[in-house]
**Student:** 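Below are the structure tokens for one structure; questions will follow.
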Amino acid sequence: MVVNPFRNRVQFLIEAILLSGTLGRLFIAAMVVLCVAVVTGLAGYFVTFNSTQAFAHPLDAIWWAFLRLSDPGYLGDDEGALLRIISTLVTILGYVLFLGVLVAILTQGLNERIRKLEMGLTPISANKHIILLGWNHQTPAMVQKFINSEGRVNRFLARVGAKRLKLVLLVEEVHALHMQEIRNYVGKKLKAQQLIFRSGTPLRLDHLMRIDYLRASAILLPAQDRGTQQSMTRSDDAAIKTILSIANSLHLSGVEQAPPLLVVELYDPRKVSIARESYRGPIEVLAADEVISRMMAQIIR
């Protein structure tokens with residue numbers, strides 16, 4: 001098999017331009033349109049060279065071909081069999097290039113942009129919102145409690161200076177099933193503007209900046225789903241690291257307003273004091289096993 005370096009280089013260049021995005025694909029389409037206009041225009045120029053329909057200059061013939069590529073309405077103005085054949089071919093190519101390729105490129109670019117927005121990678125601009133970090137089996141129920149407990153939530157929002165409830169969820173990867181599961185819990189009370197999803201992990205500061213956590217009214221950090229003892233230990237360790245990251249960023253940012261309320265769920269009650277000492281703002285730490293044990297004892301009593 002004979003290797004053609006020049007052909008491989010050209011193919012690689014075209015591939016790189018096509019994969020660069022919508023502008024690159026539009027550039028390739030424009031080059032194809034230009035090549036077709038030049039080739040067919042010069043063909044029309046030489047066909048009519050010695051006739052009464054001769055073009056004054058090759059550029060006029062190229063412009064003639066481009067007009068028929070972009071608008072089939074010029075097709076009836078041509079005279080002569082050969083010129084009409086060329087004009088018809090140019091018009092057909094115009095349907096393919098302008099109505100086919102360009103529309104497909106623009107549609108694909110729009111779909112890619114929508115998919116990128118649906119991934120939740122763009123930062124938000126909010127104030128006095130409530131943040132839920134992570135996703136577990138309790139998340140839909142927590143959202144339901146926020147939506148249904150209008151009185152208590154409104155009093156809390158009024159105390160922090162917020163006008164309406166806005167929940168922001170930071171999950172590792174946004175899926176349509178997340179919203180659907182929450183809608184199944186909440187029902188028709190859920191409004192689209194009340195809930196915002198963003199992709200990321202609370203262990204990364206740039207992902208926290210994506211949800212504008214510095215201006216939040218409250219941050220909820222629930223524990224990960226219960227599993228083995230090792231997984232529960234990792235959940236508590238990740239929560240402590242997140243608290244330290246938030247506390248350190250608040251200190252370095254120099255924000256004058258009061259830090260947001262932080263509500264943290266841990267498995268190990270021995271780490272409650274560590275969590276409280278790690279955050280200088282208002283914080284509530286719940287040891288899940290300890291709370292459940294107290295509730296069961298109270299029920300028995």
Side-chain angles (χ1 to χ4, degrees), residues 126-146 149 152-153 155-157 159-160 162 165-172 197-298:
N127 190 27
K128 303 302 180 182
H129 51 295
I130 298 177
I131 296 175
L132 275 71
L133 299 178
W135 178 277
N136 58 20
H137 68 282
Q138 301 175 0
T139 303
M142 285 190 290
V143 175
Q144 182 191 36
K145 293 298 182 182
F146 277 113
S149 303
R152 295 182 179 180
V153 173
R155 287 194 294 271
F156 169 77
L157 295 176
R159 188 167 66 251
V160 298
L165 175 65
K166 180 177 291 185
L167 298 172
V168 180
L169 273 67
L170 183 69
V171 298
E172 290 188 1
F197 279 94
R198 284 297 180 266
S199 297
T201 171
L203 294 176
R204 292 187 54 176
L205 186 59
D206 55 333
H207 292 181
L208 291 174
M209 295 294 293
R210 188 178 295 166
I211 55 176
D212 204 0
Y213 74 106
L214 293 175
R215 299 195 297 169
S217 60
I219 301 176
L220 278 68
L221 182 56
Q224 300 175 6
D225 286 332
R226 183 183 295 272
T228 62
Q229 184 63 38
Q230 185 178 4
S231 64
M232 291 188 291
T233 302
R234 286 199 301 266
S235 175
D236 290 348
D237 294 341
I240 299 297
K241 291 178 182 179
T242 303
I243 297 172
L244 291 172
S245 178
I246 295 175
N248 185 54
S249 62
L250 288 171
H251 176 70
L252 296 177
S253 62
V255 179
E256 297 181 358
Q257 65 182 24
L261 169 66
L262 187 60
V263 181
V264 185
E265 179 187 5
L266 300 176
Y267 285 114
D268 192 348
R270 295 172 296 180
K271 297 179 181 179
V272 172
S273 59
I274 300 176
R276 288 174 177 169
E277 294 176 0
S278 301
Y279 191 70
R280 297 183 179 179
I283 183 172
E284 293 290 343
V285 185
L286 303 176
D289 293 342
E290 187 179 47
V291 171
I292 293 175
S293 299
R294 290 181 178 180
M295 290 180 61
M296 293 179 64
Q298 185 65 26

**Student:** What is the minimum heavy-atom distance between Pro259 and Gly281, and which atoms define it?
**Tutor:**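 Here Pro259 and Gly281 meet closest at CG-CA, 3.6 Å.
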**Student:** Under a 3.5 Å distance rule, please check whether Arg215 uses its side chain to pair with a backbone N or O of Lys128 as donor and acceptor.
**Tutor:**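 The answer is no, because no donor-acceptor pair under 3.5 Å joins these two groups.
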**Student:** Does Thr242 reach the main-chain N or O of Ala238 with its side chain, forming a donor-acceptor pair under 3.5 Å?
**Tutor:**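 Judged by distance alone, yes, a pair lies under 3.5 Å.
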**Student:** Name all pairs fulfilling the salt bridge (Lys or Arg N to Asp or Glu O under 4.0 Å) condition that reach into residues 268-277, sequence neighbours left out, sorted by first residue then second.
**Tutor:**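 Listed by first then second residue: Asp237-Lys271, Asp268-Arg270.
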**Student:** Tabulate below the donor-acceptor pairs under 3.5 Å that side-chain atoms of residues 131-140 make, not counting sequence neighbours, or state none.
**Tutor:**
| unit_1 | atom_1 | unit_2 | atom_2 | d |
| --- | --- | --- | --- | --- |
| Asn136 | OD1 | Gln138 | N | 2.9 |
| Asn136 | OD1 | Thr139 | N | 3.2 |
| Asn136 | OD1 | Thr139 | OG1 | 3.2 |
| Asn136 | ND2 | Ala223 | O | 2.5 |
| His137 | ND1 | Asp225 | OD1 | 2.6 |
| Thr139 | OG1 | Asn136 | N | 3.0 |
| Thr139 | OG1 | Asn136 | O | 3.3 |

**Student:** I'd like to check the salt bridge (charged side-chain N to carboxylate O under 4.0 Å, His left out) partners of Arg234; sequence neighbours left out, ordered by chain and number.
**Tutor:**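 Counting only residues at least two positions away or on another chain, Arg234 forms no salt bridge (charged side-chain N to carboxylate O under 4.0 Å, His left out).
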**Student:** Please list, chain by chain and in numerical order, all residues satisfying side chain to side chain contact (heavy atoms under 4.5 Å, CB included) with Leu244, sequence neighbours excluded.
**Tutor:**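 Counting only residues at least two positions away or on another chain, Leu244 forms a side chain to side chain contact (heavy atoms under 4.5 Å, CB included) with Ile240, Ser278.
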**Student:** Step by step, would you call Ser217 with Ile130 a side-chain contact (heavy atoms from CB on, under 4.5 Å)?
**Tutor:** CA-CA 6 Å; Ser217 60; Ile130 298 177; 3.7 Å; yes
**Student:** Would you sort out whether Val285 and Ile283 count as a side-chain contact (heavy atoms from CB on, under 4.5 Å), showing the intermediate values?
**Tutor:** CA-CA 6 Å; Val285 185; Ile283 183 172; 3.8 Å; yes
**Student:** Taking side chain to side chain contact (heavy atoms under 4.5 Å, CB included) as the test, write out the residues that go with Arg152, two or more places apart.
**Tutor:**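 Arg152 satisfies side chain to side chain contact (heavy atoms under 4.5 Å, CB included) with Arg155 only.
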**Student:** Would a 4.5 Å heavy-atom cut-off, applied to side chains only, mark Met142 and Pro222 as touching?
**Tutor:**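 Side-chain contact under 4.5 Å: yes.
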**Student:** Only counting residues at least two apart or in another chain, list the ones meeting side chain to side chain donor-acceptor pair (under 3.5 Å) with Asp236.
**Tutor:**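 None.
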**Student:** Checking the side chain of His129 only, and the main-chain atoms of Ala218 only, is there a donor and an acceptor separated by less than 3.5 Å?
**Tutor:**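 No, because the side chain of His129 does not come within donor-acceptor range (under 3.5 Å) of the backbone of Ala218.
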**Student:** Distance check, rounded to the nearest 0.5 Å: Arg210 atom CZ versus Leu205 atom CG?
**Tutor:**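 The CG atom of Leu205 is 11.5 Å from CZ of Arg210, to the nearest 0.5 Å.
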**Student:** So which heavy atom on Leu165 is nearest to which on Phe146, and how close?
**Tutor:**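 Scanning both residues completely, I find the closest heavy atoms to be CD2-O, 3.8 Å.
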**Student:** Go through the structure and list residues passing side chain to side chain contact (heavy atoms under 4.5 Å, CB included) with Ser149, not counting sequence neighbours.
**Tutor:**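 Residues passing side chain to side chain contact (heavy atoms under 4.5 Å, CB included) with Ser149: Val153.
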**Student:** Tell me which one of Val263, Leu169, Leu262 satisfies side chain to side chain contact (heavy atoms under 4.5 Å, CB included) with Leu220.
**Tutor:**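 Of the listed residues Val263, Leu169, Leu262, the side chain to side chain contact (heavy atoms under 4.5 Å, CB included) partner of Leu220 is Val263.
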**Student:** Between Ser235 and Gln224, is there a donor-acceptor pair closer than 3.5 Å when you use the side chain of the first and the backbone of the second?
**Tutor:**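 At least one qualifying donor-acceptor pair exists.
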**Student:** Going from OH on Tyr213 to CG on Leu208, what distance comes out if it is rounded to the nearest 0.5 angstrom?
**Tutor:**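 So the gap between those two atoms works out to 6.0 Å.
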**Student:** Going from CZ on Arg198 to CD1 on Ile211, what distance comes out if it is rounded to the nearest 0.5 angstrom?
**Tutor:**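 Nearest 0.5 Å value for the CZ-CD1 distance: 10.0 Å.
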**Student:** Please name all residues satisfying salt bridge (charged side-chain N to carboxylate O under 4.0 Å, His left out) with Lys166, sequence neighbours left out, ordered by chain then number.
**Tutor:**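 Lys166 satisfies salt bridge (charged side-chain N to carboxylate O under 4.0 Å, His left out) with no other residue.
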**Student:** According to side chain to side chain contact (heavy atoms under 4.5 Å, CB included), who are the partners of Ala239, at least two apart in sequence or on a separate chain?
**Tutor:**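 Listed in chain order: Leu221, Val264, Leu266.
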